[in-house]
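Read through the structure below, which is laid out as structure tokens, and then see the notes.
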Amino acid sequence: MAVSKIKPQIMRRGLMLVLSSPSGAGKTSICRRLIELETDISMSISVTTRPQRPAEQEGIDYQFVDQERFNALRDDGSFLEHAEVFGYDYGTPKGPVEAALATGCDVLFDVDWQGAQQLSHNAAEDVVTVSILPPSMHELEHRLRSRNQDSPEVVMRRMSRASDEMSRYNVYDYIVINHDIECSVADVHAILTAERLRRGRQTGLSDFIKTLSGDG
């Protein structure tokens, strides 16, 4: 007798997958690859007061606002998290994230440890945190210098901040050491798959069990 290979579709609530790392450790590259692999996950688009870089697109990379607008959103309680990084403010709008989770879609976050802590505090049941670490400080500095985005002074500031960022590793659910980008993507993908299967996120599980027992 042929066995059906069709996977039952059980309704679930989406999750917030939070990736943090020092600048240059690879979290942005991992986020991009994960979105290429998965259809039911989207990138959270932060609001920032940082100037727009030449290659960045409004509404795709960030929502760029002035300080007055950012302060108004913050004071209105419109952010799930917000933080100041290198003199600029960043915040995660609450509405789009909550709408995505309610429809079973996952949301990916590229934030620092401050943002990760705030998200965990404000939405503990929905958040999964992953710290991406470099294989060594020497490799981290090499990556920062080779991307040619920052002046030597800014690279040194980022290296100094990296030590503080990495010291917060114990507040994360998972740790991935980015020796190789493809291996790290596979590790984060495995974390996402496992977290999607948590019983508490399977909102349609009771209805599915009823169909198995003949009560549906």
Side-chain angles (χ1 to χ4, degrees), residues 14-48 50-64 80-83 85-86 88 90-93 96-97 99-101 103-116 119-120 123 126-136 139-150 154-155 158-159 161-162 165-166 169 172-196:
L15 61 88
M16 298 159 64
L17 184 62
V18 179
L19 270 59
S20 299
S21 78
S23 295
K27 69 180 181 298
T28 302
S29 297
I30 293 170
C31 286
R32 288 171 179 163
R33 288 285 292 113
L34 199 61
I35 288 175
E36 291 173 1
L37 292 170
E38 287 287 337
T39 56
D40 291 336
I41 191 167
S42 61
M43 197 76 203
S44 171
I45 301 173
S46 296
V47 174
T48 184
R50 176 173 68 71
Q52 186 173 352
R53 292 171 178 164
E56 292 176 332
Q57 298 181 60
E58 166 68 29
I60 296 178
D61 296 292
Y62 289 98
Q63 295 178 41
F64 297 95
L80 278 169
E81 60 82 26
H82 59 85
V85 182
F86 294 116
Y88 298 110
Y90 296 79
T92 298
V97 174
L101 299 185
T103 59
C105 292
D106 304 314
V107 182
L108 187 58
F109 293 79
D110 175 348
V111 297
D112 70 355
W113 69 269
Q114 299 174 80
L119 289 170
S120 295
D126 294 322
V127 172
V128 178
T129 58
V130 184
S131 177
I132 309 295
L133 299 179
S136 70
E139 176 62 20
L140 180 64
E141 184 173 356
H142 170 71
R143 292 176 185 178
L144 285 171
R145 293 188 183 281
S146 63
R147 67 186 190 178
N148 294 319
Q149 283 187 353
D150 302 309
V154 171
V155 169
R158 293 191 185 280
M159 289 296 296
R161 185 180 176 87
E165 179 90 18
M166 291 185 291
Y169 73 93
Y172 291 87
D173 299 317
Y174 299 92
I175 304 294
V176 172
I177 300 175
N178 187 21
H179 293 280
D180 174 83
I181 189 66
E182 292 304 322
C183 290
S184 297
V185 169
D187 287 342
V188 175
H189 196 194
I191 291 168
L192 174 62
T193 300
E195 289 290 338
R196 283 173 167 176

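Annotation: side chain of Y90 is in contact with side chain of R50 (closest heavy-atom distance under 4.5 Å). Inter-residue side-chain proximity for V130 and D187 is flagged as unmet; no heavy-atom pair is nearer than 4.5 Å. The shortest side-chain heavy-atom distance between P134 and M166 falls under the 4.5 Å cut-off. A heavy-atom distance below 4.5 Å is found between the side chains of I181 and I30. You'll find the side chain of L19 stays beyond 4.5 Å of the side chain of L34, heavy atoms only. Looking only at side-chain heavy atoms (C-beta outward), V107 and D126 stay at 4.5 Å or farther from each other. At least one side-chain heavy atom of M16 sits under 4.5 Å from a side-chain heavy atom of V97. In this structure the side chain of R196 reaches within 4.5 angstrom of the side chain of D40, judged on heavy atoms.
We find the CZ-NE2 distance between R33 and H189 to be 10.0 Å, quoted to the nearest 0.5 Å. Y169 OH to I175 CD1: the interatomic distance, rounded to the nearest 0.5 Å, is 8.0 Å. Taken from CG in D61 to OG1 in T48, the straight-line distance is 11.5 Å, to the nearest 0.5 Å. Rounding to the nearest 0.5 Å places CG of N178 at 7.5 Å from CG of D180. Put simply, OG on S136 and CD1 on I177 are 11.0 Å apart, with the number rounded to the nearest 0.5 Å. Atom CG in L108 sits 5.5 Å away from atom CD1 in I35 (nearest 0.5 Å).
Distance alone, capped at 3.5 Å, is enough to place a donor-acceptor pair between the E165 side chain and the W113 backbone. Looking only at distances, no side-chain donor or acceptor of E81 sits under 3.5 Å from a matching main-chain atom of A116. Between the side chain of E56 and the backbone N or O of R53, at least one donor-acceptor pair lies under 3.5 Å. With hydrogens and angles disregarded, a donor-acceptor distance shorter than 3.5 Å links the side chain of D106 to the backbone of L15. A donor-acceptor pair is defined here as one N or O able to donate and one able to accept, closer than 3.5 Å; such a pair exists between the side chain of S20 and the backbone of V111. Side chain of D173 to backbone of T129: a donor-acceptor contact under 3.5 angstrom is found.
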Legend entry - Worked verdict on F109 versus V127 for side-chain contact (heavy atoms from CB on, under 4.5 Å): CA-CA 10 Å; F109 293 79; V127 172; over 6 Å; no
Inset, instruction - Give the intermediate values and the outcome of side-chain contact (heavy atoms from CB on, under 4.5 Å) for residues R161 and V85. - result: CA-CA 10 Å; R161 185 180 176 87; V85 182; 4.0 Å; yes
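Nearest heavy-atom pair, L133 versus S131, reported as atom, atom and distance to 0.1 Å: CD2-OG, 3.6 Å. Scanning both residues, A25 and L140, for their nearest heavy atoms gives N-CD1, 3.7 Å. Of all heavy-atom pairs between T92 and S46, the closest is OG1-OG, 4.1 Å.
Atom CZ of F86 has more than 12 heavy atoms from other residues, nucleotides or ligands within 6.0 Å.
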